Each structure stands twice: as structure tokens, then as C-alpha cells.
Amino acid sequence: MLLEINDLKVTYGGAIALNGVSLNIERGEAVGLVGSNGAGKTSLFKAISGIVPAEGSITFDNKDLLALKAHEVPSLGLAHVPEGRRLFPRLSIEDNLLLGGSSTHVVDQSDFDRVYKLFPKLLERKTQLAGTLSGGEQQMAAIGRALMSRPEILMLDEPSLGIAPVLVEGIYKAIAQLRDEGQTILLAEQNVMECLEVCNRTYVLQTGQVVTSGPSDELAENDEIRKAFLGI
Amino acid sequence: MNVNGLPQGSSVWGMVRQYLPWVLFLGFFALYPIVFDSPSDHTLGIKMMWFAIAATGWNMLGGFAGQISLGHATFFGVGAYAVALADEYEWNPWLAMILGMGVAAIIAVIIGWPVFRLKGHYFTIATIGTGEIAFLLVRNSEFLGGTEGFLMRSDEGFLNFYWGGRQKWEFYYLGFVLLLLAVVSTVMISKSRMGYYLQAIRNNQEAASSLGVPIAKYKQLAFIYSAVFVSIAGSYFAQQLQFAGPDEAFSLDTSIRITIIAVIGGVLSKWGPMIGAIVFLFLSEWTNIRFGGNGFDLVIFGFIVMVMAAFEPNGLIGLGNRFAHLLEKAKS
Amino acid sequence: MSDLIQTFVNGLMLGSVLALVAVGLTVIYGVVDIVNFAHGEFVMAGMYATFVASSQFGFDPLLAMPVSAAVVGLIGVLSFFTFVRPAMRGTLLSQIFVTFGLMIFMRGVAQTLFGSNFETIQGAWLSSQRITIGDIVMPGPQLAAAVGSLVCTGAIGWFIYRTTTGKALQATSQDPDAALMMGINPNKMFGLAWLIGGASTGVAAALVANYQPVHPNVGLAFGLTAFVIVALGGFGSIGGAFLAAFAVGMLENFSAFYGDSAYKQVWIFGLFILVMLFRPQGLLGRA
């Protein structure tokens with residue numbers, strides 16, 4: 001098991017964001033996490049990245065993530081593409097990509113080439129400041145930046161949020177391509193259809209708890225689950 | 001429930017907690033010149049009074065409204081120069097002090113107009129700027145005595161705001177009355193709508209503004225209040241020293257001193273500036289005697305302010321509250 | 001006419017030194033989001049370090065530059081890790097008071113160690129050198145300070161805009177949480193910003209000590225001018241601080257040339273308040 005989460009609890013002040021979530025991911029899997037706004041997807045991601053404190057256990061490759069500081073997590077092989085992309089707005093695309101990998105290893109040209117091959121548009125825009133890009137291009141850059149660290153597992157938090165539908169398609173194509181190359185992926189989405197399509201397995205999160213999970217195609221075919229949890 | 005015939009919701013313990021600080025403070029300040037009765041003790045007591053009045057005034061803006069000014073020496077100077085000029089031109093010093101309060105209020109409005117457009121650090125830096133401008137203008141003005149300032153020769157007597165005898169308890173108690181005025185008005189304001197508005201402004205200006213608090217108006221009111229009381233402290237200071245000079249009254253050092261006093265005591269409480277004045281006076285006298293007047297007091301004050309900022313922003317009052325909490329926890 | 005050119009040249013030389021002092025302040029603000037109210041005292045500390053190196057160990061002020069840089073850089077790093085870092089978690093009040101306390105503390109230490117007298121460095125190599133072009137005179141120490149400051153400011157700019165570590169500093173300043181997700185250790189970056197801010201100020205201090213006496217309150221004018229420059233240029237903006245420094249250098253020299261030099265700071269603060277009124281984000285700052 002590459003990533004194993006057991007009985008994870010996250011609270012902000014008095015408010016419970018995650019209430020005993022368990023989840024696991026095998027190497028090479030693409031795992032989805034669906035749920036509405038406030039279900040706890042972002043809290044789960046932040047807990048894995050060490051940005052918010054959590055109780056329970058998270059082990060990655062047999063290492064205890066909760067014992068680490070947030071800035072130590074990426075070098076283990078977890079890359080987090082945060083909600084809202086969070087590029088460094090006044091650095092160029094190239095520099096954003098550079099910083100994605102520079103604290104985990106010495107970045108070389110092949111890292112850039114891999115990203116530019118996946119998103120040729122970024123190559124055209126590489127000297128442009130990140131803040132001047134469109135939402136879709138920024139999302140590509142954010143995914144590219146995460147890939148620069150050569151991650152074992154790529155965590156994507158709502159990559160379709162606030163992006164024109166035409167561009168969403170392109171981004172999901174890239175995600176599918178990464179999956180086919182064997183990249184382990186954890187994908188959080190409100191956009192259920194896209195998520196079920198690209199992920200092997202999916203967890204459904206409601207008010208901080210996993211309410212159901214299973215292979216994506218089974219969830220999609222089960223009428224009760226579709227009605228009760230997926231709203232499709 | 002009605003306990004011991006007291007109004008609902010209160011208890012003997014509550015009454016004690018509410019009024020004990022008043023008893024302690026008023027008792028301490030009222031008894032000070034009787035317990036410590038040498039002329040030098042009285043001089044120290046008078047110093048303590050003007051520290052406390054100035055810091056209480058500063059704190060309405062700096063503590064209650066959370067707008068840290070490092071330019072209040074301007075108002076201190078206005079108060080000091082008002083009575084100095086009165087002495088020069090043989091006006092009544094009391095009238096001059098009141099006039100000085102009015103001038104301080106007007107200057108606060110004039111300064112407030114630009115500086116309140118700035119927030120946080122920017123505000124603080126802008127107040128350093130206005131303070132330095134005032135300092136340089138006064139220092140270079142012949143009418144205002146230039147770099148020398150004014151030596152005063154007040155006649156004795158209440159009407160002349162001066163007692164020259166060896167025992168200076170009269171002057172001390174005058175300061176005590178002025179301090180009471182400052183504290184009582186601070187309490188009244190903090191319990192009024194203005195007090196709540198200022199607290200809202202300190203906690204989150206944007207939120208306060210979106211809730212409809214007229215922040216510009218209330219910041220300005222707090223500024224005027226604090227300017228007026230700092231100018232009273234300045235008048236009191238100059239009458240006591242019989243001197244007003246730019247370096248003593250208008251310089252950044254004066255602003256810094258007023259600020260240190262409030263910060264050490266605790267800026268979130270009305271008692272903070274008074275505790276600060278006592279501790280400041282004690283520590284600066286003690287270091288002067290122990291190490292000579294060579295700046296070692298600044299080492300101590302700077303260190304305390306850093307420690308307070310890092311670990312207990314509400315100064316000694318905050319430390320006291322923590323201690324009280326621990327005691328209560330231990331009891332239950 | 002040559003008076004005007006001389007004033008202009010003086011303004012350039014002063015502006016260059018001010019730029020270095022201000023860039024140190026703006027780097028700290030930009031990355032750590034704290035205004036170092038003790039920045040003028042950093043200059044003072046560097047000048048005393050230079051004075052001691054010169055009077056006790058016979059270093060020329062120019063050779064004392066690394067000493068001064070190391071001393072002030074260390075002061076910066078130490079203050080960050082002892083008091084500033086805990087205060088960063090506090091309210092705005094804490095964040096203002098912590099460097100305010102540092103300012104008082106450093107002044108006190110200087111007075112305690114060195115007394116309140118003016119100290120002048122004797123027998124510096126450049127003290128009697130000068131370059132004369134026509135009627136324009138450039139005293140050696142001032143010229144060296146201007147050139148040295150330009151070089152050092154350029155080096156800081158190169159580091160921040162061209163190296164990976166410098167880019168990581170920028171990233172931390174623009175979005176600390178995102179930088180954290182990239183594995184950038186924020187405390188390391190904050191400490192580095194204080195190191196750069198301190199060390200560069202130390203260099204400026206050594207250069208200034210070559211021609212200006214030192215005393216415990218010498219930092220006041222430098223600190224205030226640096227605040228004005230940084231606010232004019234837009235807090236956190238290096239390019240803005242650089243330009244504003246020359247504007248202030250000119251203003252200081254021309255106002256003294258045309259008027260009473262006692263009022264030169266009035267003009268500087270007047271300009272500051274005017275700009276704050278009409279462009280609160282500074283000349284080059286972002287709204």
C-alpha cells in the first residue's frame with residue numbers, strides 16, 4: 001500500500017472537518033474523492049500535506065506523515081496541486097515549474113521537457129508571469145509544477161474549479177494520460193462524472209466521513225448510490 | 001438568582017473582582033506621597049503621574065482602537081509649549097492648558113485626515129513622520145524658542161498651576177486628579193458604544209466597516225481624545241519642570257517613552273498604562289542608581305517589550321490574568 | 001550651474017547608499033511581512049562594528065565591511081529566531097511591538113557599551129582622497145560608498161531574481177502556503193531574509209562610517225529615511241525602493257541647496273505623506 005489513511009480527524013477550532021476518514025491507495029492507482037463543497041476534501045488534502053494538524057494516522061510508503069513538518073512532505077514523493085491553483089503570481093511559468101522541483105532534487109531539463117510535452121501551451125508561455133495566465137493555463141502550470149518534483153503520488157484538488165468547460169476537457173485528458181503512464185493519482189472533485197471516468201476507484205465523502213466507496217464503474221452503475229450520494 | 005441581596009448575576013466575589021483594582025490603584029496613588037514623603041520621592045511621584053496620564057491618553061488610540069502611533073510627542077509638546085508660552089507672555093497657565101487641549105484636538109484632526117487613510121505598519125510609520133515634521137518645525141522656529149525652548153518662572157499658587165516648595169505633594173495630587181479624570185473618562189468611553197466600536201476596529205477593521213461601524217469617525221474621535229490627554233500630560237510636565245524644550249517634549253524619544261509605558265503595562269486594559277507607569281519609573285530609577293544613566297534602562301525596556309510582543313502582547317496585565325487563570329484552575 | 005551639477009552628484013551618491021539601506025528593509029518586509037522598526041539601529045550597529053574593527057584592530061572601514069555585514073546579519077537572524085518568529089503568530093500589535101522593542105534594546109546596548117559621544121574613525125585610507133572633474137568634487141569616502149552600495153544592491157537583486165534560492169524567497173513572499181507545498185521551508189526563507197536585510201545594511205553601515213561619525217541615535221535618520229523610501233517605492237518592491245532612494249537623495253540635497261538644510265527631513269516626510277494620500281501603495285507598489 002502506497003498511501004494508507006486510518007481514522008483521520010481534523011478540527012478547526014471547534015468545527016469538525018474530518019471525522020474518522022480511512023482511505024488507501026495502491027501504487028499506480030488513480031483514486032477519486034467526490035463530495036460537495038465542505039465535505040472535507042480539501043481538509044483531507046491539507047492534512048496529508050501537513051498544512052493542518054490531524055489525529056489518526058497517515059502512512060506513506062511505511063513512513064508516518066503526521067510526524068513530519070509540511071515542508072518535508074514533498075521530498076517523500078507527494079505533490080499537492082492545491083485548490084485554486086496557487087501559482088506564484090509574479091514569477092514566470094518557468095520559475096514556478098523550477099520551484100516545484102527545486103527543493104526535492106536538482107532540476108534538470110528532462111523535468112521541464114516532460115511538463116512541456118504534456119502541456120505544450122506552457123512552453124509558449126514560459127517567460128510570462130503566472131498571474132497573467134488564464135485559469136485553464138494556470139491549472140496546467142499548477143499540475144506541471146507538481147510534476148516537477150517527480151512525485152510518487154500526485155494529489156489534485158478540484159482541478160476543474162472555475163475553469164471554462166472546454167479547457168476542463170484538456171486537463172482531464174492530461175490526467176488520464178498521466179494515469180496511463182502509471183502515475184499514482186489522488187483526485188478530489190465536485191465534478192462527479194469527470195472523476196468517475198478517470199479514476200479506478202472512488203470514495204464518496206459527506207460531512208467529513210466516507211459514506212461509500214468502490215470501483216468507479218460500479219458506483220456509476222448503482223442507481224441507489226447515484227441517487228443518494230452522487231446526484232447524477 | 002439573588003445572592004446575599006445583590007443584584008442578579010453578581011456575587012461577592014464578582015464585586016471584589018470588579019472593584020478590587022479600583023481600590024488598589026486609587027489606594028496606591030492616593031497614599032504614595034504619604035508613604036514616600038521625601039521631596040525626591042514626590043518628584044518621582046509627579047513623574048509617575050505624567051507618565052500615567054500620557055500613556056492612558058495614548059492607549060485610547062493605540063490600545064483600544066489598535067492604531068499604534070509613534071507621533072504622540074507632538075501633543076505632549078503642544079501641551080508643554082502652551083503653558084511655556086503662557087509663562088512667556090504672562091497668560092494664565094490653566095487657560096493655556098485648556099487652549100493647548102483645543103490646539104491638540106485641532107492638530108489631531110489635521111494629522112488624522114492623512115494618516116487614517118493608512119493601516120497597520122503604514123499608519124505607524126506615517127505617525128513617526130508627522131511627529132518628526134512637528135519636531136523639526138518647532139526646533140527651527142524662533143517664535144517657539146528654537147533648539148533652546150523656554151525656561152519658565154511661574155509664581156506659586158493654585159491659580160498659577162505651580163507650587164515651588166520643597167514638599168511637592170500639592171503638585172502630585174493635582175496630577176492625581178488629572179489622572180482620575182483620564183481614567184474615569186476612559187472607562188466611560190470603553191463602556192459606551194464608542195468603546196465597542198473601537199474594539200471592533202482593533203479586532204478587524206474590514207469586518208467592522210462592513211457591519212456599518214463608521215470607522216473613520218471613531219478612529220478620529222479616539223485620536224482627538226488621546227491627543228487631548230497627552231497634551232494635558234505635557235502641560236503638567238512643563239509646569240513641574242518649569243521648562244519646555246523640543247528634545248524633551250517633541251522628539252521621537254518622547255513618543256517612544258509613552259508607547260513603552262503603555263505596552264509594558266498592557267494595552268488592552270485601562271489599568272495597563274498605570275501599571276506601566278509604575279514599573280517604568282521603578283525600573284528606570286533603579287537602573288539609573290545601579291548602572292548610572294547610561295542607557296541600560298533602554299536595554300531592559302527594549303527586552304521587556306520584545307518578550308511581551310512575542311509571548312504576551314497584553315503586557316503585565318496579560319501576565320497577571322494568566323496567573324489568575326492558573327490559580328482558578330488549580331482551585332477547581 | 002556647477003552648483004546644481006554638484007548637488008545632483010551629491011544626490012546620486014546619497015541615493016545609492018540609501019538604496020542599499022532601503023533594499024534591506026524591503027526584503028525583510030516583502031518576505032516576512034514585518035516592518036523592521038529597528039532598521040536604523042541595524043545601520044548604527046554596523047557603524048559601531050566598523051568603528052571597533054578600525055579603532056581596536058586597525059581595519060580600514062573598507063576592510064571592515066565583511067565584519068560589519070556579519071555582525072548585523074547575525075543580529076538580524078538572531079532577532080528573527082528569538083522574538084520575531086513567535087510574534088508573527090500574534091496580532092498586528094505584536095508584530096509592530098516586537099521590532100519596536102528591538103529598536104529600543106539596540107539603542108540601549110549601544111549607549112551602555114559606547115556611551116553617547118560621537119565617535120569618528122581616524123586615518124581611513126580614503127579620507128583625504130577626492131576626485132575632481134571640472135568644478136565637481138567627489139570625496140573618496142562618499143564615492144566609495146556610492147559605488148559599493150550600487151554593487152551590493154546589484155548583488156542582492158541578482159541573488160533574488162536570478163538564483164533558485166532567491167526565487168524561493170520570492171515565492172514565500174507571494175504565497176507562503178503554496179511555497180510550503182513545494183517543500184520550501186518558510187522559516188529558512190524568513191531567516192534568510194533577515195540575514196540578507198541585516199548583512200546588506202551592515203555593508204552600507206561600514207561604507208557610511210567611512211565619512212560620518214557614529215553615536216547611539218545615528219540610526220534614527222537612516223531608519224526614518226528608509227521607511228519613507230520603502231513606503232514610497234511600495235513595501236516589498238526592490239525596484240521601487242531603488243528608484244525612491246534616488247528621489248529621496250535628490251530631494252534631500254536639492255532642498256538643502258535651495259532652502260534651509262534644517263528642514264530637509266520635513267520635505268522628505270512631506271513627500272511621504274503626500275504620496276501616501278494619493279498613492280498609498282507607493283509609486284511602484286501594487287494596489
Side-chain angles (χ1 to χ4, degrees), chain A residues 42 45-52 68-108 111 129-131 138 141-151 154-157, chain C residues 23 26-27 29-33 80-81 85-86 88-89 91 156-193 233-242 281-287:
Chain A
T42 297
F45 272 43
K46 285 186 172 171
I48 297 172
S49 292
I51 294 167
V52 299
L68 295 179
K69 297 219 168 77
H71 64 87
E72 296 166 335
V73 171
S75 54
L76 288 187
L78 288 99
H80 185 160
V81 182
E83 187 180 348
R85 310 176 284 274
R86 304 290 286 271
L87 292 173
F88 305 116
R90 296 187 296 284
L91 287 175
S92 69
I93 292 304
E94 199 173 21
D95 286 345
N96 267 279
L97 295 180
L98 170 71
L99 291 174
S102 62
S103 60
T104 55
H105 60 97
V106 178
V107 174
D108 61 36
D111 292 310
L129 295 186
Q138 285 191 6
I143 296 172
R145 182 176 67 172
L147 289 172
M148 291 295 288
S149 67
R150 303 175 186 165
L154 180 67
M155 309 196 303
L156 301 150
D157 193 356
Chain C
V23 162
T26 212
V27 165
Y29 179 81
V31 177
V32 192
D33 204 15
F80 172 69
F81 282 105
R85 192 163 60 142
M88 282 171 72
R89 288 189 279 268
T91 59
I156 294 172
W158 172 82
F159 178 78
I160 288 178
Y161 292 112
R162 290 281 172 265
T163 67
T164 304
T165 311
K167 288 169 185 169
L169 268 178
Q170 290 185 66
T172 306
S173 134
Q174 294 174 18
D175 191 336
D177 277 351
L180 199 56
M181 290 177 205
M182 301 303 116
I184 297 167
N185 182 349
N187 281 323
K188 217 162 114 186
M189 291 298 127
F190 295 155
L192 181 62
F235 268 93
S237 157
I238 292 179
F242 190 74
Q281 71 273 36
L283 295 173
L284 294 188
R286 284 165 299 270

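Side chains included, hydrogens not; waters and symmetry mates left out as well; all remaining heavy atoms used. Lettering of chains follows the sequences in order, A, B, ..., and the numbering in each one begins at 1. The structure presented is a predicted model; accordingly, all values stated were derived computationally and were not measured.
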Honestly, the part of A:Leu98 sitting under 4.5 Å from a heavy atom of chain C is side chain
Of A:Arg90, A:Arg86, A:Arg145, the one forming a salt bridge (charged side-chain N to carboxylate O under 4.0 Å, His left out) with C:Asp175 is A:Arg86
Rounded to the nearest 0.5 angstrom, the CZ-CG distance for C:Arg162 and A:Asp95 is 8.5 Å
Would one find more than 12 heavy atoms of other residues, nucleotides or ligands at under 6.0 Å from atom NZ of A:Lys46? no
**Message:** Less than 4.5 Å apart, side chain to side chain, heavy atoms only: is that true for A:Phe88 and C:Met182?
**Reply:** yes
Under 4.5 Å to a heavy atom of chain C? For A:Ile51 that would be side chain
The reported gap from CE in C:Met181 to CG in A:Leu99 (rounded to nearest 0.5 angstrom) is 14.5 Å
Tell me, with the steps shown, if C:Ile184 and A:His71 meet side-chain contact (heavy atoms from CB on, under 4.5 Å).
CA-CA 6 Å; C:Ile184 297 167; A:His71 64 87; over 6 Å; no
Residue from A:Ser49, A:Pro89, A:Ser102 scoring the most non-hydrogen pairs under 4.5 Å with chain C is A:Pro89
Taken to the nearest 0.5 Å, the spacing of A:Lys69 NZ from C:Asn185 CG works out to 8.0 Å
